Every structure is written in C-alpha cells, then in structure tokens.
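Read through the structure below, which is laid out as structure tokens, and then see the notes.
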Amino acid sequence: KAGVTQTPRYLIKTRGQQVTLSCSPISGHRSVSWYQQTPGQGLQFLFEYFSETQRNKGNFPGRFSGRQFSNSRSEMNVSTLELGDSALYLCASSLNGQGVDEQYFGPGTRLTVT
Amino acid sequence: GENVEQHPSTLSVQEGDSAVIKCTYSDSASNYFPWYKQELGKGPQLIIDIRSNVGEKKDQRIAVTLNKTAKHFSLHITETQPEDSAVYFCAARPGFQKLVFGTGTRLL
C-alpha cells in the first residue's frame, strides 16, 4: 500500500511569487491535513479537507489556501510569498480524520523563499 | 480548545538506557493519543498510539502509558539505540476535532 506522496519535494521561490504544493493521500483516505513546520514553531496546523470541503482551519493568513479534489488529492497554495514562509510543508492523511483514526504523514515539501 | 504540553524539549541518554517523554493535555474529551518519530529530512512517522480506554500499550522496545485522571501520557523507550535518535512528537485528539501536537522532544 503506497504511503502519502507529496510533490515537489524541494522548491525555491522568490518573494512575491506564488506556489502550489500537491499531496496524494493513502488510497481510501478521505481526510487530508496540511501542516507548516519550522525549527522554532514545531508543527503548525494549516487546514484539513474532507470530501472536498475544508473542515478545520488553523490560524494562518488568507494567503494560504487549499482545495481537495474528488479523488481526495489535495493542493495548497501560498500567494505573495514572504521570507517567513520558508518551511517544510507536510501533508497527512487519514480515513476520516476523526476519533481514533490513524494519521499518516508524507515526506514533506521543503520550500525556500529568497 | 485542546492544548498539549511536551517535556523535555531535549533528552540525552546513553545507548542502552531508557528514555521517557511526557505529555499533558487539557481537554478531557480527548480519546486518541498518537506518538510520532521524525528523523532528519523526513516526515513524522506514526510509531505507536493509544486509545482512551487503554492504560498501556507496548510494541517491542516502545511503550505508551495513559493516565486519564491526571490527563497525561508518556512514551517509554527501553534499551535505546543510535537509530532512536530523532525528534518525537506527542498528539491528542478530542473526539471529532483535529489532532493537536506537542512541541517535540529531541532525543540524542
């Protein structure tokens, strides 16, 4: 059974640009969550999608957005990039994202903003 | 909402010794408590989890205990080996809400 995959693995962008990251969940998983990880801030929750609907949202500005497709694949977009957006962006999937559902992470996309 | 505190932030042990990482949570509705291990350059890997109706769970050298009354849970690693060096995260989920993570422990 394939795990969670994320593309691209590494990305270098310039301030002001926008970026789109992609996540393919484990087959059969319908919940996809996104996290930002920086050395000083740990795992910061961005948002969660379930059945193409955003179900939970973290405390991030509107420059961060996402969507989920009918096959449960998800994308997140960051517009008008800032230096502080440099981080490891992690995607995680679970069956339904509730109760005792196990959540599995992908390898992450390392974004560097210059 | 749920708040998870994790201690210590760094833990240094000798090979062969035991390591214990502790977490406390605030929401009594939390019923699921996973632990993740993150190695350098990789995403967090689920290593063990415990449900609120269980007090202890073991998997080889790893064990997790849960004290619902005190609202704390712990990860125990016995006979530590060099490959156990990583950052460990605890998490809690209150019912139908999202997972809330601790701040991580770097095990050396």
Side-chain angles (χ1 to χ4, degrees), chain A residues 1-7 9-10 21 23-26 29-50 53-60 66 87-110 112, chain B residues 1-10 21 23 25 27-55 57 59 64 66 68 73 86-107:
Chain A
K1 195 173 187 181
V4 179
T5 58
Q6 292 187 244
T7 55
R9 291 294 312 278
Y10 303 91
L21 312 181
C23 170
S24 291
I26 292 172
H29 284 193
R30 298 163 65 193
S31 168
V32 174
S33 297
W34 288 90
Y35 297 83
Q36 181 194 67
Q37 187 176 35
T38 56
Q41 297 296 321
L43 286 163
Q44 301 292 309
F45 174 77
L46 281 156
F47 29 65
E48 182 218 358
Y49 285 87
F50 179 79
T53 301
Q54 188 180 86
R55 185 162 63 179
N56 283 299
K57 188 177 188 304
N59 190 25
F60 277 81
L88 180 67
Y89 289 88
L90 293 160
C91 162
S93 78
S94 63
L95 273 172
N96 296 300
Q98 295 179 335
V100 297
D101 271 2
E102 297 173 349
Q103 181 170 283
Y104 298 92
F105 283 87
T109 294
R110 172 75 62 185
T112 302
Chain B
E2 174 65 280
N3 182 51
V4 177
E5 294 188 358
Q6 183 172 348
H7 300 281
S9 57
T10 304
I21 302 171
C23 290
Y25 62 99
D27 193 333
S28 57
S30 286
N31 59 354
Y32 177 61
F33 308 90
W35 286 88
Y36 290 85
K37 173 185 180 182
Q38 187 174 26
E39 296 173 299
L40 199 61
K42 298 183 178 180
Q45 175 192 5
L46 177 65
I47 57 172
I48 195 168
D49 57 19
I50 191 167
R51 275 69 167 167
S52 60
N53 59 347
V54 175
K57 183 177 179 181
D59 183 3
V64 57
L66 171 64
K68 288 178 59 180
F73 56 113
V87 178
Y88 291 82
F89 291 95
C90 64
R93 179 189 278 141
F96 297 102
Q97 299 180 41
K98 61 178 173 64
L99 271 177
V100 177
F101 285 85
T103 49
T105 295
R106 183 173 300 279
L107 176 62

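Values reported hereafter were calculated over all heavy atoms of this structure, with side chains retained and with hydrogens, waters and symmetry mates removed. In what follows, chains are A, B, ... by sequence order, proteins preceding strands, each numbered from 1. Just so you know, these numbers come straight off a predicted model, no measurement behind them.
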Under 4.5 Å from a heavy atom of chain A, the part of B/Lys42 involved:
backbone

Among the options B/Gln38, B/Arg93, B/Arg51, pick out the one with the most heavy-atom pairs lying under 4.5 Å from chain A.
B/Arg93

Considering non-hydrogen atoms only, spot the tightest contact between B/Ser52 and B/Ser30 and give its length.
CB-O, 4.2 Å

Is there a donor-acceptor pair under 3.5 Å between the side chain of A/Gln6 and the backbone N or O of A/Cys91?
yes

Is chain A contacted by the side chain of B/Phe89, its backbone, both, or neither, given a heavy-atom distance below 4.5 Å?
side chain

Determine the minimum heavy-atom distance between A/Arg9 and B/Gly41, stating which atoms define it.
NH2-O, 3.9 Å

Picking from A/Asn96, A/Leu88, A/Leu90, A/Val4, which has the most non-hydrogen pairs under 4.5 angstrom with chain B?
A/Leu90

Which bit of B/Gln45 comes within less than 4.5 Å of chain A, counting heavy atoms only: side chain, backbone, both or neither?
neither

Would you mind checking which part of B/Asn31 comes under 4.5 Å of any heavy atom in chain A, side chain (CB onward), backbone (N, CA, C, O), both or neither?
both

Aromatic plane relationship, A/Phe105 with B/Phe101 - under 30° parallel, 30 to 60° tilted, over 60° perpendicular
perpendicular

Less than 4.5 Å apart, any side-chain heavy atom of A/Glu102 and any of B/Pro34?
no

With chain A as the partner, which of B/Thr103, B/Val100, B/Leu99, B/Val87 has the greatest number of non-hydrogen pairs under 4.5 Å?
B/Leu99

Looking at NZ of B/Lys37 and CG of B/Leu107, how far apart are the two atoms once the value is rounded to the nearest 0.5 Å?
9.0 Å

Of A/Gln37, A/Arg110, A/Glu48, the largest count of non-hydrogen pairs under 4.5 angstrom with chain B goes to A/Gln37

